[in-house]
Amino acid sequence: MRTDPPAGLMDAFWAYEHALGTDDLTALDRLFAPGPGTLRGDGAGLLVGHEQIAAFRGTRGGAPARRVVEVHVRTVDDDHALVVAVTELVRGGRGQQTQLWERTDGGWAVAAAHVHAPAPAFDPRVWRVLGDPLVPGAPDGPLAGRAVAVKDLFAVAGQRVGVGNPAWLAGAPVEAEHAHAVAALLGAGAHVRGIARTDELAYSLAGTNAHTGAPPNPRAPGRVPGGSSSGSAAAVALGQADVGLGTDTGGSIRVPASYQGLYGVRTTHGAVPTTGLVPLAPSFDTVGWLTRDADLLAAVGDALLPPGTGAARTSRLVVSPALLALAQDDVATRVRRFAADAGAAPTTAWDGVDLAAWAEVFRLRQAWEAWRAHGDWVGAHPGALGADVAGRFAAAALVDDATGARAGEQRERVRAQVLDLVGDDVLVLPAAPSVAPRPDPAGLDAVRAATLRLTCVAGLGGLPAVVLPTPGPTPPPGPDGRTGARADLPVGVCLVAAPGRDRELLALARDLARTTA
């Protein structure tokens, strides 16, 4: 290969650098090759196709400021060249980018690029406070050496609770004691790595935060991480923590687990004390956690759950076509295949259940409880909340006591129905109705509504739920060497059982993780 660049290549390279520095999205789109075969990769993942790359650029808010210190060209032929550039970031550290340029009808454009930049020692999208460790655990124990990311709703002695909101954090006292779940994990030998970000007051399922941004989703770059246990999930998915301690009210463990390919558990309501936890809706709030493997998920359960018995190996697994129909086709297909591999029997018991009506009961009662818990603070801090969460609290303020009480009565009737439908079975259903969506505010509202129709089953019933990642499809590559752009996006399957069967579900998940991989 030659080292002299073809005509016009370096002009295009420097035009790209200028567009990157000014966040000129139009120029950047023009300087990346059109079509589904264009590639851009970095430490967060690989983007395939011009459309995915453009969507990523439109949401990241520009690249870190940098200057180019070295450029090396290796010319393949008159229409193709490899450019390797060394960069220095204004924030410090050196990076490197490798680009394959090709000559197109519109001029030179990048056909494939890999970007390496030094990772920040502290990512404020993921963490609010970070230590080495922040709080050491007991010198030995079953979780010795395990690092925990604590959702910013739990009390950590010596720290303040921020609930994802700067105004709340500013007025919060320093905590004198650990929350129950934090103390139990420390007693089992785990250490607190840091306090992880959360959606404001946990009143969201998307994983976005108007003040700190969305933590990255390394399994689905350019898509939301899921929330509200967003920072805890991202810390685990990124390998910065072993355990993400979080909460699940309407799906705040199950959704990020599904979106990021993690294992997660929402415990039976009341099974793990919520002492030291800032509530959202107390009659729905549960403690949960996320891990990268099923064995650790169960080991954390040994530290946090009350004693239990047996394993669910003899329990009948069932799958409802009516519940699968609430998910998008690609998700339903993956969950259906997982259920078949696990030996789940089809059931018609859920046919005719009005899940939309159930979700409305959940929404009204949750809103009423959330306003009772935080309405005074919200009213005293106008403008403190991001638009999405502020909108939910504005709607919650309209739920009067009579409506809240009526929703509570309806919830008890639905709970009895849920318990009867689940019975002694283990219900297999999608953890979320779609793969992780892109961060479009208008679209996220529709995703939230669709998600609650599935997640409200465990929420209204007070049931335990365990999420496992499903194996992704591996379609053969097409003529251009590509597979489907959504082929390996994570999809979670959820196992739901009667109250108190948390340990059984964790044991079952461990077995299924080995047999259905």
Side-chain angles (χ1 to χ4, degrees), residues 151-155 161 163-165 168 179-181 198-207 226-230 232 245-256 265-288 355 357-379 385-386 388-415 418 445 448-449 451-465 496 499:
K151 185 177 185 176
D152 197 11
L153 295 179
F154 291 88
V161 179
V163 305
N165 181 273
W168 182 291
H180 173 91
T198 178
D199 302 22
E200 292 179 280
L201 286 160
Y203 209 174
S204 173
L205 293 173
S228 62
S229 303
S230 52
S232 299
L245 180 63
T247 62
D248 189 306
T249 301
S252 292
I253 288 285
R254 290 165 284 167
V255 172
V265 58
R266 164 207 161 87
T267 56
T268 296
H269 189 266
V272 180
T274 55
T275 308
L277 173 67
V278 175
L280 173 62
S283 75
F284 296 110
D285 296 342
T286 62
V287 174
L355 270 296
W358 284 15
E360 181 64 6
V361 170
F362 178 92
R363 185 191 72 80
L364 287 171
R365 182 67 186 189
Q366 180 194 43
W368 181 76
E369 292 187 20
W371 188 254
R372 283 173 62 86
H374 301 303
D376 288 346
W377 184 90
V378 171
L385 294 169
D388 56 341
V389 177
R392 277 177 213 119
F393 272 107
L398 302 177
V399 181
D400 58 30
D401 288 346
T403 301
R406 187 162 55 252
E409 294 168 358
Q410 292 171 329
R411 190 264 306 273
E412 291 307 309
R413 290 194 291 271
V414 171
R415 172 179 165 80
V418 170
D445 286 340
R448 175 182 173 83
T451 302
L452 286 174
R453 285 196 285 273
L454 282 170
T455 59
C456 74
V457 172
L460 291 166
L463 310 182
V496 172

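Asp285 places a side-chain N or O within donor-acceptor distance of the main-chain N or O of Leu280, the cut-off being under 3.5 Å. Looking at His269, its side chain does come within 3.5 Å of a backbone N or O of Ser283 through a donor-acceptor pair. Looking at Ser252, its side chain does come within 3.5 Å of a backbone N or O of Ser228 through a donor-acceptor pair. Using modelled atom types, one side-chain atom of Asp248 and one backbone atom of Gly251 make a donor-acceptor pair closer than 3.5 Å. Judged purely by atom type and a 3.5 angstrom limit, Arg365 uses its side chain to pair as donor or acceptor with the backbone of Gly404. No donor-acceptor pair closer than 3.5 Å links the side chain of Thr286 to the backbone N or O of Thr268. Without hydrogens or angle criteria, Thr403 side chain to Val399 main chain gives no donor-acceptor distance under 3.5 Å. A donor-acceptor contact shorter than 3.5 Å links the side chain of Arg415 to the backbone of Gly461. Between the side chain of Arg453 and the backbone N or O of Trp358 there is no donor-acceptor pair closer than 3.5 Å.
The heavy-atom pair separating Ala179 from Gly276 by the smallest distance is CB-O, 3.5 Å. Residues Ala181 and Phe154 come closest through the heavy atom pair CB-CE2, 4.1 Å. The heavy-atom pair separating Cys456 from Ala359 by the smallest distance is SG-N, 3.8 Å. Closest approach of Val418 and Val457 over heavy atoms only: CG1-O, 3.8 Å. Contact between Asp199 and Ala206 at its shortest, heavy atoms only, is OD2-N, 3.8 Å.
If you take CZ on Arg266 and CD1 on Ile253, they are separated by 10.5 Å, rounding to the nearest 0.5 Å. Atoms OG1 and CG, from Thr198 and Leu153 in turn, are 4.5 Å apart once rounded to the nearest 0.5 Å. Summarising the geometry, atom CG belonging to Leu398 is positioned 15.5 Å from atom CH2 belonging to Trp368; distances are rounded to the nearest 0.5 Å. Here the straight-line distance linking atom CG of Asp152 with atom CG of Leu201 works out to 10.5 Å at 0.5 Å rounding.
Two residues are said to be in side-chain contact when any heavy atoms from C-beta on lie closer than 4.5 Å; Pro464 and Thr267 fail this criterion. Between Leu277 and Val161 there is no side-chain heavy-atom pair separated by less than 4.5 Å. The shortest distance between side-chain heavy atoms of Tyr203 and Asp388 does not fall below 4.5 Å. Between Trp168 and Glu200 the shortest side-chain heavy-atom distance does not fall below 4.5 Å. Taking the side chain as every heavy atom from C-beta outward, Pro279 and Thr274 never approach each other to under 4.5 Å.
Scored by the side chain to side chain contact (heavy atoms under 4.5 Å, CB included) test, Ala390 finds Leu385 as partners (sequence neighbours excluded). Partners of Arg411 according to the salt bridge (Lys or Arg N to Asp or Glu O under 4.0 Å) rule, which considers only residues two or more places apart in sequence or in another chain, do not exist here. In this structure Gln410 satisfies the side chain to side chain contact (heavy atoms under 4.5 Å, CB included) test together with Val361, Arg406, Ala407, Arg413, sequence neighbours excluded.
A donor-acceptor contact closer than 3.5 angstrom is absent between the side chains of Ser232 and Lys151. Looking only at atom types and distance, the side chain of Gln366 has no donor-acceptor partner in the side chain of Thr249 under 3.5 Å away.
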Set out, in order, the CA-CA distance, both residues' side-chain angles and the distance that settles side chain to side chain contact (heavy atoms under 4.5 Å, CB included) for Phe362 and Val414, then state yes or no. CA-CA 10 Å; Phe362 178 92; Val414 171; over 6 Å; no
Decide yes or no on salt bridge (charged side-chain N to carboxylate O under 4.0 Å, His left out) for Glu369 and Arg372, but give the supporting numbers first. CA-CA 5 Å; Glu369 292 187 20; Arg372 283 173 62 86; over 6 Å; no
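Taking the six-membered ring where tryptophan is involved, the planes of Phe393 and His374 are perpendicular, since the angle between them exceeds 60° and thus also 30°.
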